[in-house]
Amino acid sequence: MNGWFLKISDFADELLNEIDSLSEWPEKVKTMQKNWIGKSFGASIKFFIENSSDHIEIFTTRPDTIFGASFIAISPQHRLAKKIAKKDFKAADFIKFCENQSNKEIDIEKADKHGYETNLLVSHPFKKNVKLKIFIANFILMDYGTGAIFGCPAHDQRDYDFAKKYSLDILPVIQTEENLPYTGDGIHINSGFLDNLNTKDAIKFCIDKLRKLNIGEEKISYRIRDWGVSRQRYWGCPIPIIFCNDCGEVPVPEEQLPIYLPNDITFDKKGNPLDYHPTWKHTKCPICHKKAVRETDTFDTFFESSWYFARFTDLNPKKAFTEEAIKYWMPVDQYIGGVEHAVMHLLYSRFFMRALKRVNTIDVEEPFISLQTQGMVCHQTFKTKKQKWLFPNEIFKKDNMFFHLNTKEPVEAGRIEKMSKSKKNVVDPQQIIENFGADTARFFMLSDSPPNRDMEWSNSGIEGSWRFLNKLWKFVQGLPKGISNDKLPLNLSNNQKELLKILNESIMETTKAIDEFHFNIAVASVRSLFNYLYTYKIKNDVDKTLIIYVTKKFLILINPMVPHLAEELWDHLAKEQIIANQSWPKVDLNYMQKDRQKMPIQVNGKVRAVIEIPINSTKKDIERIALREKNVLKFLINKPKKVIIIPNRVINFVI
RNA sequence: GCGGGCGUGGCGGAACUGGUAGACGCGCAAGAUUUAGGUUCUUGUAUCGAAAGGUGUGGGGGUUCAAGUCCCUUCGCCCGCACCA
């Protein structure tokens, strides 16, 4: 394939090793990147072809199973396969068959393994007189390892399937009670100098021997391939290369950058619009100044998304980055994106920062300190009988059946899938915003489920959020205007202390929940606080100063969730400033200190009573108080064998 | 097949380092207000049971005074990669 590639493979090891330093990334994303890079340790081994000076080099992670080898298989794209095909028409046909197969949907045929038996043989490196046949096989990938393997059917599923199909030897070389193929570790048998060794030692021993004989060595293989960045489309950054007949491929000099795309472009023909534009590509060679043409491919869009966040640190129109801005802003403290970017975008960005560092442009390695991946919003899909997709708002439900709103015809209800325009299973938030307002919509969405999880969209419950915010509105409107005393009364009653305790608990919980992206818990916490405050006002209506004090703190807590409403209500209470400028409330531990503590009393692990005791009571006191409980005594038929008291937590009588 | 995640009421979901399972809400039920419906308010709502009490975090087993939480095993669902040697 023709095109430009970025040599991300050079960074494979670094990108892999540094994954472990990303402590604030989801485990899932990290494993996906690890698998994508796919580092594996093994060996390369040369097999010499009989009656020829040629040889085949294979890659294996299990050199220890070499004595079980019963065939060699090479990819249809392998150099040797092509060489064979020149003389052997049947081989050529087979290769063509494989190529067609890989172009079509492979899924259906995937399980099937096909091979073509060539008339070539190789000799086994350690078993004199043993010759192995070379097959061309459809399941060998050219992009991985060397595009060639030795097949050890007893200890590899694929080789086993293949050997069964073509009646090849299946010789176990690892001791096992299990059915073949056995892919685990074990003690080696039928393996000459590897006999009686375990897998780890056998691998090491085998590689040593191969190296001594100069026919193989230790080798590390990666799954990751270089990043093909060429695209044949208009919407992308032009690749800054000029093709000159004399000088070859010449990079566009920095002072001529950036290259702008032409504005007078048409899309009426097939192919790359830049390529058939009449003038754009024609230019001069920067070296010899003769006529030359521009590269008409453009960069992959991932190219730009790999560094935009660094660009965003500064508006400077002349420079991509400024040192001070990068130093100040980078790396990104909190990055948010969908899981679908787990490997491509997020790996490319990590690669880009390193590449830029290597050319001394910026001094950043990891672009994103903390990563949150939000889940996908899903919804049921609907189709007409003629298989046309329908929007959920075109549907109504009756007796558990779905019908079209206009035609009243029955509708097919499909799977619940991630929302996508093509399947029309999308809900337009605009409708919700029109009916309930943006604040209600936001509050409702936050309350539903944590953002890192997939969720099924449902409108049910939005009225609940609506009700709550209405209640809040009325509550604050009922408070006197403009009392902006932020000082607390000196002598607090127990009721007042309790209210302040609840307030501070809520500040703590809400803050923590927001920090951890558990917005649903934050919503629950502010709701609880309001419920308490609401009841408090009914009972202690005269206590205006404290009620307003707590209400103001409460409004700051709920402000990020319902900013418009909170600002309005704040204005009602406190004339001096806007709520957006208020600092986040701090937890005052003085009000959270309790002097009494509820403790469950268990008998044999079952809760039988709950007592309230002074905090930090001695174990003796706790036990004494616990033993006064009727419902506990009822179960203490025998004298307890053991009494477990965890102060301030639990007491358990074991009988 | 490999890797990752999840499984808790009718539903969405809570539960800090093992220590009162079901917070908060939706829904539902009953009642109050209302001339109807809606709104609003109160109460109830895991489950079996009249009660006492029993049972309950997908199933089975284990560790522990104590398990949603830790360990083993098994089932189901979702996502990612997929013939990676």
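Since the structure is predicted, the reported quantities are computational estimates derived from the model, not experimental observations. Proteins get letters first, then strands, A, B, ... in listed order; numbering begins at 1 in each. Just so you know, these numbers use all the heavy atoms, side chains as well, and skip hydrogens, waters and symmetry mates.
The base-pairing partner of B:U45, taking Watson-Crick or G-U wobble contacts with both distances under 3.5 Å, is B:G27. A 3.5 Å limit on both hydrogen-bonding distances identifies no Watson-Crick or G-U partner for B:A67. In this structure, B:G80 forms a base pair with B:C2, meeting either the Watson-Crick or the G-U wobble geometry with both donor-acceptor distances under 3.5 Å.
Across the protein-nucleic acid pair, A:Met599 atom CE and B:A66 atom C1' stand 13 Å apart, rounded to whole Å. For the pair A:Arg223 CZ and B:A85 P, the computed distance is 10 Å after rounding to whole Å. Distance CD (A:Glu612) to P (B:U20): 16 Å, rounded to an integer number of Å. Atom CG in A:Asn531 sits roughly 11 Å away from atom P in B:U43 (whole-Å rounding). Rounding to whole angstrom units, CG of residue A:Asn604 and P of B:G53 are separated by 15 Å.
Toward the 5′ end of RNA chain B lies the nearest nucleotide of A:Ser447, the other residue of the pair A:Gly605 and A:Ser447 mapping further downstream.
Of the residues in residues 505-520 of chain A, A:Asn520 come within less than 4.0 Å of RNA chain B through at least one heavy atom, sorted by number.
When the C1' atom is compared between B:G5 and B:G9, the two are found 23 Å apart, to the nearest whole Å.
Close to B:U20, at under 4.0 Å from its OP1 or OP2, lies no side-chain N or O of A:Lys606. Considering only side-chain N and O atoms, A:Arg608 lies nowhere under 4.0 angstrom from the phosphate OP1 or OP2 of B:A52. One finds a side-chain N or O of A:Arg453 lying less than 4.0 angstrom from the OP1 or OP2 phosphate oxygen of B:A14. Contact check, A:Arg467 against B:G27: a side-chain N or O comes under 4.0 Å of OP1 or OP2.
Within a 6.0 Å sphere centred on CD of A:Glu463, other residues, nucleotides and ligands contribute more than 12 heavy atoms. Around NZ of A:Lys204, the count of heavy atoms belonging to other residues, nucleotides or ligands within 6.0 Å does not exceed 12. Remark: A:Gln374 CD is packed, more than 12 non-hydrogen atoms of other residues, nucleotides or ligands lying under 6.0 Å away.
Separation of the A:Phe139 and A:Phe162 ring centroids falls under the 6.0 Å cut-off. Ring to ring, A:Phe5 and A:Trp227 are not that close: their centroids are 6.0 angstrom or more apart. If you look at A:Phe135 and A:Tyr166, their ring centroids are closer than 6.0 Å. The aromatic ring centroids of A:Tyr532 and A:Tyr534 lie 6.0 Å or more from each other.
Closest to the side chain of A:Gln602, from the set B:U20, B:A85, B:C79, is B:U20. Counting only heavy atoms from C-beta on, A:Asn138 has its side chain closest to B:C83 among B:G3, B:A85, B:C83. Across B:U20, B:A14, B:C79, the shortest atom-to-atom separation from the side chain of A:Val610 is found for B:U20. With B:G80, B:C24, B:C79 as the choices, the nucleotide that has an atom nearest any side-chain atom of A:Ala524 turns out to be B:C24. Checking B:G4, B:C81, B:C65 against every side-chain atom of A:Trp36, the shortest atom distance belongs to B:C81. Taking every side-chain heavy atom of A:Ile521 into account, B:A14 is the closest of B:G54, B:A14, B:G4.
For the side-chain hydrogen bond (donor to acceptor under 3.5 Å, both in side chains) criterion with A:Asp161, the lone passing option out of A:Gln157, A:Lys164, A:Lys165 is A:Gln157.
Within 4.0 Å of A:Gly464, counting heavy atoms only, lie sugar-phosphate atoms of the nucleic acid but no base atom. Within 4.0 Å (heavy atoms only), A:Asn452 reaches no atom of the nucleic acid at all.
A donor-acceptor contact under 3.5 Å is not formed by the side chain of A:Lys642 with the base of B:C65.
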